[in-house]
Amino acid sequence: MDSTTRRDFARSAALAGTMALAGGPAGAAPIRPPLCLFSKHLPKLNYSELARTVKQIGFDGVDLTVRPEGHVLPGRVGEDLPRALETLRGAGLVVPMITTGLTSVNDPAARPTIETAGRLGVPRFKLGYWNYRDQESIDARLVQVRGDVAGLAALAKEHGVTAGFHNHSGNNVGAPVWDIRSIIADMEARAIGYYFDPCHATAEGGEGGWRIDLRMALPRIQMVAIKDFFWEKSGGKWKMQMCPLGEGMVRWGEFFGTLAAARFQGPISMHAEYEPVDELALARDLAFLKKQVDAAYRGV
């Protein structure tokens with residue numbers, strides 16, 4: 001079996017596992033997408049401990065950090081990503097995505113990370129972040145980022161994986177989802193799509209902007225990030241206060257109803273950006289998430 005055949009076989013097997021959780025192939029009634037834990041929130045656990053804990057809490061899989069200070073370090077991706085996947089999959093968990101810090105094909109970790117993910121059947125990876133620089137033209141910055149993303153998308157296509165661009169709020173390229181649209185519109189959907197985050201879309205979009213963002217991104221959403229927040233005034237300044245799911249401003253019923261109607265079946269990565277976070281907090285958030293997703297997908 002040559003390398004291309006092995007890569008295609010691994011990818012097909014991984015996708016089959018994800019689709020089984022999500023209700024089967026296109027045309028079948030979707031049950032729900034796989035619910036994954038962002039491994040950032042259990043940073044001190046080794047692969048066996050991570051697998052056992054995530055399984056016990058009740059997740060379907062893991063969104064694995066493959067970046068500096070992550071569960072897999074970029075310089076060891078060739079050695080450690082296979083070990084991590086073997087352990088997690090051996091526990092019955094899926095790994096439908098990894099989270100990277102990649103922003104350029106010139107990063108020494110870019111090719112090894114994307115090639116290893118493709119070879120081992122991980123179908124999606126999250127890109128890193130680009131910020132806006134003071135005194136720099138917005139248009140010039142978008143052109144530069146478009147070039148960076150195009151290079152990574154080409155590498156993703158070469159290895160049979162798909163990149164996801166996260167709409168993180170703040171001084172980031174992509175905080176306005178129109179940024180991402182302008183960057184990826186002419187790139188192949190199988191190589192690059194959206195990693196959509198309704199929390200950050202709500203922070204940037206307010207009452208109606210998040211809906212427009214979701215409608216615009218929906219045909220090309222590859223992955224979804226889940227977290228919640230509310231605005232809080234502290235020291236005379238308004239800031240995002242992260243909180244447990246359901247205690248903030250994100251309109252979960254409407255959001256998941258839209259995903260279900262579109263038959264979205266990609267991974268949902270649950271984040272817990274508030275403090276303190278422990279296994280009990282993660283279990284409570286997962287219970288809320290399951291209730292929302294199951295209610296939305298039950299009627300499809």
Side-chain angles (χ1 to χ4, degrees), residues 6-22 31-102 109 112-127 156 159-164 195 222-227 265-272 277-279 281-283 285-287 289-290 293:
R6 284 195 298 270
R7 183 184 69 210
D8 291 343
F9 177 81
R11 177 175 168 80
S12 296
L15 287 173
T18 300
M19 289 167 66
L21 284 167
I31 299 173
R32 62 166 171 79
L35 307 182
C36 301
L37 177 66
F38 185 30
S39 75
K40 165 188 170 181
H41 302 302
L42 297 172
K44 297 181 180 179
L45 300 188
N46 63 34
Y47 301 148
S48 296
E49 293 166 341
L50 178 65
R52 182 170 60 252
T53 302
V54 170
K55 188 72 172 179
Q56 287 175 347
I57 293 173
F59 289 93
D60 302 315
V62 176
D63 165 9
L64 188 66
T65 50
V66 183
R67 63 185 186 183
E69 300 184 4
H71 276 95
V72 176
L73 300 179
R76 288 191 53 84
V77 69
E79 297 83 9
D80 289 350
L81 184 55
R83 291 179 49 242
L85 293 177
E86 181 179 12
T87 302
L88 294 168
R89 289 169 175 171
L93 297 165
V94 296
V95 185
M97 64 176 291
I98 58 174
T99 287
T100 79
L102 297 175
T113 299
I114 295 171
E115 186 278 330
T116 305
R119 176 168 52 83
L120 298 176
V122 178
R124 305 170 186 85
F125 71 99
K126 172 187 171 293
L127 297 170
H159 292 287
V161 296
T162 306
Y195 180 24
Q222 283 290 327
M223 312 96 90
V224 167
I226 296 300
K227 56 183 81 80
Q265 296 187 3
I268 293 175
S269 176
M270 195 189 87
H271 299 220
V277 172
D278 55 18
E279 292 178 27
L282 294 174
D285 276 357
L286 178 60
L289 178 59
K290 282 184 174 178
V293 174

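Side-chain contact check for I114 versus L102: some heavy-atom pair is nearer than 4.5 Å. Within the 4.5 Å cutoff, the side chain of D80 has no heavy atoms near those of the L73 side chain. No side-chain heavy atom of P267 sits less than 4.5 Å from a side-chain heavy atom of P33. Looking at heavy atoms from C-beta onward, S269 lies in side-chain contact with M97 at the 4.5 angstrom threshold. Under the 4.5 Å side-chain criterion, counting only non-hydrogen atoms from C-beta, L35 is not in contact with M270.
Contact detail for R67 and T99: the closest heavy-atom pair is NH1-CG2, 3.5 Å. Residues V72 and V77 come closest through the heavy atom pair CG1-CA, 3.9 Å. Taking every heavy atom of both residues into account, D285 and A272 meet most closely at OD2-CB, 4.3 Å. The two residues F125 and A156 come nearest to each other via the heavy atoms CE2-CB, 3.8 Å. P123 and G121 make their closest contact through CD-O, 3.2 Å (heavy atoms, listed as atom of the first residue, atom of the second, distance). Considering all non-hydrogen atoms of both residues, A51 and T87 come closest at CB-O, 4.1 Å.
The distance from the OG1 atom of T116 to the CG atom of L81 is 6.5 Å, given to the nearest 0.5 Å. For the atom pair OG1 (T53) and CG (L45), the distance works out to 5.0 Å, reported to the nearest 0.5 Å. Remark: E86 CD to L120 CG distance equals 10.5 Å, nearest 0.5 Å. One finds the NZ atom of K44 at 15.0 Å from the CG atom of L50 (value rounded to the nearest 0.5 Å). A distance of 10.5 Å separates OG1 of T113 from NE2 of H159, quoted to the nearest 0.5 Å.
Using a cut-off of 4.0 Å between Lys/Arg side-chain N and Asp/Glu carboxylate O, R83 and E79 are scored as not salt-bridged.
Judged as a ring-ring contact (aromatic ring centres under 6.0 Å, His included), the pairs with a partner in residues 38-59 (not counting sequence neighbours) are, in order, F38-H41, F38-H271.
Considering V62, V161, T65, L64 in turn, L64 is the only one that fulfils the side-chain contact (heavy atoms from CB on, under 4.5 Å) rule with I98. Among D60, D63, L42, the one residue that satisfies the side-chain contact (heavy atoms from CB on, under 4.5 Å) test with L37 is L42.
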